[in-house]
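Let me begin by presenting the structure, written as structure tokens, before commenting on it.
Every chain is numbered from 1 and lettered A, B, ... according to where its sequence line falls, protein lines coming before strand lines. Reckoned from all heavy atoms, side chains included, excluding hydrogens, waters and symmetry mates. Given the structure is predicted, the values throughout are model-derived calculations rather than measurements.
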Amino acid sequence: MRLPDFTLHQPRTLAQAFAVTRDGPFDWLGGGTDLLCNYKWRINVRANVISLRRVPELRQGLLGAGRTLSEVEHDPVLRARYPAIAQAASMIATPLIRQSATLGGNLLLDTRCWHFNQTAEWRFAHGSCLKAEADVCRVLPDPGNLCVAAYSGDLAPVLLAYDARVVLAGPSASRSLPLREFYAADGIRRFRDKKPDEVLVRAELPADAEHWTVRYQKLRLRQAFDFPEGGVAAAVRWDHGWAADIRLATTAYDSIPLLHEDLVAPHRGSSLDDEAIEQIAQALEETVRPMKNTSMSPSYRKKMARVLCRRALQDCRPQGV
Amino acid sequence: MRDGSASPDPVRMSQELTPDTTIGQRLPLVDSWEKVSGRGVYIEDMRFPNMLHARMVRASVAHGLVRRVDLGTARRVPGFVAALVPGERGTDIHFGVLPISEDETALSAPRVLYQGDIVAAVACEDELAARDAALAVRVEYEERAPVLRPKDALQETSDPLHARSVGGTNIHKTVDQAFGDVERAFAEAHAQAGGEFRFHGVNHAFTEPIGCIAVPEPDGRMTLYSATQVPHYVHLALAKVLEMPLHRIRVVKPLVGGGFGGKSDPFPHEMVAALLARKTGRPVKVIFDREEVFLNNHGRHPTAYRLQVAADREGRLTGLDAHALIDGGAWASFGVVTTYYNGVLSQGPYRLPAFRYGGRRVYTNKPPSGAMRGHGAVNARFALETSLDELAEQLGTDPFDLRAQNALPPNTVTLNHLRITSNGFLECLERVRSASEWDRKFRRLPYGRGIGLGCGFYISGSALPIHRTRTPQSTVHVKIDVDGGVTIHSMAADIGQGSDTMLAQCVAEAIGVRMLRCRVLAKDTDTAPLDLGSYSSRVTFMAGNAALRAGEVIRRKLTHACARLTGRRAEDFVPGGDETYVHRDEPSIRVRYDDALAEALADNGALIAKGVYRAPKLGGGHKGSGAGLSPTYSYQAFVAELEVDAETGFVKVEKVWAAHDVGKALNVTAVEGQIEGSIHMGLGQALSEEMRYGGGQLLNGSLLDYKIPTPLEMPEVEVHIVESNDPEGPLGAKECGEGALAPILPAVANAIYDAVGVRLREVPMTPERVLAALEDRSRRERRAGVAAGKSA
Amino acid sequence: MQQTPLSRPRKALHLRVNGHDREVYVRDADTLLDVLREAVGLTGTKRGCDLGTCGCCAVQIDGRPVLSCLTLAAEAQDAEITTVEGLAGPERFTPLQQAWAEAGASQCGFCTAGFLMTADALLREHPAPSREQIKAAVSGNLCRCTGFIKIVDAIARSAAAQHALRSPCATAAPAPTQCA
């Protein structure tokens, strides 16, 4: 399956990278494990591909966007201090893919849909969809021009649970914003205000991140290869046996990774006992709205939100409680 | 002296192995070294000067009439050379693997029968150009309503998909068989069990995509290199489509990256490649994308199966009543056989005094179904073995005891005239019962953990050849020249199962030399004698016997040379180890192989010999009596132990104990490998694999969305090889590569029942389906509880 | 006169493959898999799905196992690329390849190269992996023939053989615990 022609740019600095963005339509290339699959299927191919693999700025920091998932998975600091990040990384795709795929690529992972992630012949056979070559949605008759393709990154819910920030660099300036304000609930637009020529440089954890216990639960049929059909990250900041603060984030249930503040708010300061956990889990099940566009059925994925949530929260409790 | 001509009497060598024997040992496959060095040549690795790359243009509708094929801008794609479109010579000539149902053509026109059907093709200078050009071809269809549900295909229609379907419907094949008094068996039954079962389609998903290269030779011949299990059938189909005599066509099989039945038909793309090669005068290569492999399919049939089994008070099985509605998809393929196998192979390994089977295979507008490992037996076996589990529970007997009590004895004949000879079924049962500690675990494990039994029975080669001919089913040639090496020619297709190794073992054993001397050339119809190919678990039994016979002829030539050298009688020389022949009464008289060979070659030149195998005449006189006939059968008993997560429905199979009567393990490593691989593939069908459609469109034609179990899903497997030493098998051997698939599915289902008390009747038993069954039970229990409360 | 595809823009690329320098002319969009198989002529690396979902195309880049089907050839410049052809010396197979053949870890053999490259990298990092570690390490490689069992056997067997070779106590059996 030869890739269609494009011009590859291999800048060695961010400044060089920004310079080539002026050459015409382009895609950023991180690990390539998602983008090149789409290109092979002739999905939204652009004339220029700008590889970020040689840009050293992206490899700096614990959560540099250019670090491979394999590096993240095995990083001793992450494993010791923020194990949920290493663990979530270790659950992505396969060990071979994790050797190339990057942290940044996973955070920026394109949304997925059974009507989109298909070969050109497949898509053209029924007229394609609004995320690719057409202006209709094959999942919902009237999605109101919003694409409901599923966001399926595994790191985003965990980093949302840590309340991480992301650092973006653009041709004229750099900026930092909370991850919770980064994504947009539209499978095509995907980001609130990230400009095409902005690059994700790294994620950053807040100073108190180490005081949080974070756990991630992932729903998938096989223990390798599969994207999440549902993912729940739970975070608890314990204070003398009380859950002083709680966060809950999901992936794969929407076109955006979501932080569910309102579901956990009533339980802040509680002991987070089984009853509280069940209440949160039930509320989450009622909240998520999976679409019929992935391998497992929406009703099952919805039910599993409760189980994933319960298990993630239970895992957050101190050992022996 | 016997010259190896067709002979019904079996080779009986199982008791007398040579001192140099490899039989029963652990051997690397003879082609391992090519494979671990990366130097083995598969179809995509081959290229020829001036070669073109072709790409298929596939139907974008599930059912319709092709109105116009417009090459349009395809011609302007740089590198475009030629196209093949409907109406061109050869594109409408029918072919198919079974002569009774040849319904395929190189191009599907005017009617396209599934989304993915080949409508046209382009040939270009490189692969990228071919891809661009194929995308640029515009095909206009007059769309027709697709027939997607098998039950709709049963209805009469004014517009059947195929001209030759049954009575104005879309039924392809009907089988109705009855033996004994089934009505009475059920009327008088003390217990009966069964139900309605649903099986989704599965694909072979071999790692190597399908492909071929057609090379028009300067002398006007055509050579086709193809990743195929059945070079002979491809040869026949090419001759028909190209309208050329067989001798003007050559089929060559490179290394094949897995087949499992998915490369056992002559395929349209092979015809397209040859037609394009003829048209352009240039070699033409076709390599499928993974999606095209799924669209080409010929995988296991989606099936609705209804089954009831009856028993008397003593636990004797008294009747079996089974009905199958089999979704054949667009084409016939092996479907006639499938329709029979779904019934007739349920007549073992148990004694059944009454049996009724009705099978309907229908055409639908979906990718064609065909033969896949365990062909025709897997879905039916699931229905039977899970129903037996239920029956055992009703009878209050252990599932092992029920099966042992009803086991077919050796040397008997079933109701439908299958001849049973060697039979190690009881030993299979005993081995896994004890190894799995069944009696300690069954119905005694904690909730969520379960253990289950599934058994099996499979043919060891179809006794009836596809074509009615008196030609032997396998012929093997052996040649030895001055170098002393043993060259084995065969058309048996090694597709990774190790048939080349088996041939080398058999010939080396028969001659009495080391296997290292043997080289197997089993790839070229120009040089190899006829063999029907790798399907129906026939190769070890049939080609193995032919190889032994060829080797025996050679050995006789060598022992005659020993006689001339020593003045003793040839019959008295036997292999004496270290590649010598020794006089059986005077051990001091030894002749080295090299010396015997030199003597044998003197004045005569190269030693050549052939051996053949033809199955004995078997079976009764009833309609369809040929189906399921085999010179012998394999038997299996598998136990699976697993864990069910009752909150999510996830099933984790932790260990499998697998006993298989293989007759005789010629190569222990290869036998284990076949059984372990079958279990992996069977677990895929059991738990995760399923071809899914949205209308007529395949939704999951990729290895991401079609869920093959990964190394992390694979349980520990303990293989128990049971050796019943088949009297007619080569050195006692029979099949081990297909029968081993079926038992794992019911073993898992029965273990799920043991774990959480629900019976799954839809396969694959995905977490969603397991959870739905658990929820359904809870609802029923609640209702029953409410009802009980009211009545109290 | 038709334009030929040779007019597609191609660039000279310097690759170091199995210790040898190779100069190839390739498109920017050619994957390492395309280039290894066609321009370099090493066909041992296989194309099973071309989408990262089978592992048949795994090669090593600077010792790390990567999917050559999802790596642009140009991105592998200046790196040491090792393919299955580069595993063994001219005269002998590596212990891993030896164990592979003996254990029956190849049936059809199409997945073998990818598995070997993954397993070779694993053994360099973990000379004595557990079966669970092995399964996890090769969980991005699919095999449809073996059920992975003899593959895991081969890797474990190779690890044990190499460990025995390296171990100073190898000849001083039976006291393996002293080596721990």
CA sep, side-chain torsions, deciding dist, call: B:V202, B:M691, side-chain contact (heavy atoms from CB on, under 4.5 Å): CA-CA 6 Å; B:V202 287; B:M691 292 182 71; 5.7 Å; no
Partners passing side chain to side chain contact (heavy atoms under 4.5 Å, CB included) against A:A283 (at least two apart in sequence or in another chain): A:L263
When you scan chain B against chain A, which donor-acceptor pairs turn up at less than 3.5 Å?
unit_1	atom_1	unit_2	atom_2	d
B:R55	NH2	A:E121	OE2	2.8
B:E127	OE1	A:R2	N	3.4
B:E127	OE2	A:M1	N	3.3
B:E127	OE2	A:R2	NH1	2.4
B:D132	OD1	A:R42	NH1	2.7
B:D132	OD1	A:R42	NH2	3.0
B:E291	OE1	A:T119	OG1	2.8
B:E291	OE2	A:T119	OG1	3.1
B:D645	OD1	A:R311	NH2	3.1
B:D645	OD2	A:R311	NH1	2.9
B:D645	OD2	A:R311	NH2	2.9
B:E647	OE1	A:R310	NH1	3.3
B:E647	OE1	A:R311	NE	3.3
B:E647	OE1	A:R311	NH2	2.7
B:E647	OE2	A:R310	NH1	2.2
B:T648	O	A:Y300	OH	2.5
B:R692	NH1	A:S295	O	2.6
B:R692	NH1	A:S295	OG	3.4
B:R692	NH2	A:S295	O	2.9
B:Q697	OE1	A:H126	ND1	3.4
B:Q697	NE2	A:W122	O	3.1
B:L698	O	A:W122	NE1	2.6
B:L699	O	A:Q118	NE2	2.8
B:L703	O	A:R222	NH2	3.4
B:L704	O	A:R222	NH2	3.1
B:K707	NZ	A:D226	OD1	3.2
B:I708	O	A:R222	NH1	2.9
B:E713	OE2	A:Q223	N	2.5
B:E768	OE1	A:S297	OG	2.6
B:E768	OE2	A:S297	N	2.9
B:E775	OE1	A:K303	NZ	3.0
B:E775	OE2	A:K303	NZ	3.4

Side chain to side chain contact (heavy atoms under 4.5 Å, CB included) partners for A:A234, two or more places apart: A:L248, A:A312, A:L313, A:C316
Leading residue by heavy atom contact count with chain A [cutoff under 4.5 Å; candidates B:L687, B:L295, B:L699]: B:L699
Pair B:L774-B:V756, side-chain contact (heavy atoms from CB on, under 4.5 Å): steps then yes or no: CA-CA 8 Å; B:L774 287 165; B:V756 292; 3.8 Å; yes
Nearest atoms (heavy-atom pairs only) where A:C113 meets A:V139: SG-CG2, 3.7 Å
Partners meeting ring-ring contact (aromatic ring centres under 6.0 Å, His included) with A:F227 (sequence neighbours left out): none
Contact class of A:M304 relative to chain B, heavy atoms under 4.5 angstrom: side chain
CA sep, side-chain torsions, deciding dist, call: B:L71, B:V85, side-chain contact (heavy atoms from CB on, under 4.5 Å): CA-CA 9 Å; B:L71 293 180; B:V85 296; 4.2 Å; yes
Structural part of B:I708 lying under 4.5 Å from a heavy atom of chain A: both
side-chain contact (heavy atoms from CB on, under 4.5 Å) between B:I752 and B:M765, worked out: CA-CA 10 Å; B:I752 291 173; B:M765 298 170 275; 4.0 Å; yes
Chain B contact via A:L308 - side chain, backbone, both or neither, heavy atoms under 4.5 Å: neither
Contacting region of B:L135 [heavy-atom separation from chain A under 4.5 Å]: side chain
